[in-house]
Amino acid sequence: QEQLHESGGGSVQSGGSLRLSCTDLEAGRRRRDCMGWFRQVPGKEREGVATIGANGRSWYAVSVKERFTISQDNAKGTLDLLMNELTPEDTAIYYCAARTFAPHCDGEYWRDFNYWGQGTQVTVSS
């Protein structure tokens with residue numbers, strides 16, 4: 001059963017911006033201690049991009065810090081990722097994810113997240 005649904009992917013030129021959005025279809029009904037965005041390119045390990053905890057504290061991968069901003073609207077049950085200054089290295093499938101229980105919230109270990117969206121493609125051309 002789908003619980004997280006991403007939207008907003010697409011193609012953009014280097015230096016451009018995109019906003020990804022994730023709708024939590026179980027918002028308010030399931031505990032979410034931590035939500036975040038991950039990305040994966042073929043042949044590589046899935047990697048954390050940004051996360052935000054129930055306390056509002058955020059975490060960013062070094063490669064996206066100062067360029068990406070994660071935000072959450074609990075009333076709407078949405079999780080956004082604003083991506084600025086995109087480069088071809090940001091090309092990947094981006095996934096929204098959620099953890100039910102999280103003593104700490106970061107994107108170091110993607111396997112700690114137990115709910116996933118189906119992913120949305122982001123392509124950045126040079």
Side-chain angles (χ1 to χ4, degrees):
Q1 180 182 1
E2 181 186 38
Q3 294 193 10
L4 303 173
H5 180 76
E6 304 97 338
S7 62
S11 297
V12 65
Q13 287 192 325
S14 185
S17 300
L18 280 175
R19 179 186 290 272
L20 304 182
S21 187
C22 173
T23 299
D24 183 353
L25 302 176
E26 293 290 321
R29 290 189 290 273
R30 289 189 182 269
R31 176 173 172 166
R32 307 293 198 202
D33 277 3
C34 180
M35 295 192 71
W37 289 94
F38 292 75
R39 66 187 181 187
Q40 189 170 21
V41 296
K44 288 192 175 181
E45 182 82 3
R46 189 169 296 189
E47 64 174 1
V49 175
T51 61
I52 188 165
N55 58 6
R57 191 169 296 176
S58 58
W59 169 93
Y60 294 93
V62 172
S63 60
V64 307
K65 203 173 281 189
E66 308 299 331
R67 299 189 298 125
F68 291 12
T69 303
I70 190 170
S71 59
Q72 189 172 34
D73 188 328
N74 292 320
K76 294 181 180 179
T78 57
L79 179 75
D80 285 1
L81 183 69
L82 175 61
M83 305 184 293
N84 294 321
E85 300 176 36
L86 286 161
T87 73
E89 288 69 38
D90 296 314
T91 295
I93 298 174
Y94 283 70
Y95 297 91
C96 174
R99 282 184 66 175
T100 304
F101 298 99
H104 59 274
C105 183
D106 60 48
E108 296 290 345
Y109 301 105
W110 65 268
R111 290 180 176 84
D112 288 343
F113 287 73
N114 48 344
Y115 295 99
W116 292 87
Q118 294 189 339
T120 184
Q121 176 71 46
V122 171
T123 302
V124 185
S125 58
S126 58

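Predicted model only: the values in this text are computed from it and were never measured. Every heavy atom of this structure was used, including side-chain atoms; hydrogens, water molecules and symmetry mates were not.
Cluster membership check: Val12 shares its hydrophobic cluster with Phe68, using side-chain heavy-atom separations under 4.5 Å among Ile, Leu, Val, Met, Phe, Trp and Tyr. In terms of hydrophobic clustering, with Ile, Leu, Val, Met, Phe, Trp and Tyr side chains grouped at heavy-atom distances under 4.5 Å, Tyr115 and Tyr94 are assigned to a common cluster. No single ILVMFWY cluster, assembled from side-chain heavy atoms under 4.5 Å apart, contains both Val49 and Leu82.
At a cut-off of 3.5 Å, with distance as the only test, a side-chain donor of Gln3 or Arg32 sits close to an acceptor on the other residue. Defined by atom type and a distance below 3.5 Å, a donor-acceptor pair is missing between the side-chain atoms of Asp106 and Thr51.
Within a 6.0 Å sphere centred on CD of Gln118, heavy atoms belonging to other residues, nucleotides or ligands number 12 at most. For CD of Glu45, the number of neighbouring non-hydrogen atoms (other residues, nucleotides, ligands) closer than 6.0 Å is greater than 12.
We find the OG1-CG distance between Thr120 and Leu18 to be 9.0 Å, quoted to the nearest 0.5 Å. Atom OG of Ser11 and atom CG of Leu86 lie 11.0 Å apart (nearest 0.5 Å).
Aromatic pair Phe113/Phe38: centroids less than 6.0 angstrom apart.
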Go through the steps for Trp37 and Cys96 under the test side chain to side chain contact (heavy atoms under 4.5 Å, CB included), then give the verdict.
CA-CA 5 Å; Trp37 289 94; Cys96 174; 4.0 Å; yes
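At distances below 3.5 Å, at least one donor-acceptor pair connects side-chain atoms of Thr91 with backbone N or O atoms of Val124. A donor-acceptor pair under 3.5 Å is absent between the side-chain atoms of Asp80 and the main chain of Arg19, judged by distance alone. A distance-only check finds no donor-acceptor pair linking the side chain of Tyr95 to the backbone of Glu6 [under 3.5 Å].
Electrostatic pairing of Arg39 and Glu89 does not count as a salt bridge here, judged by no charged N lying under 4.0 Å from a carboxylate O.
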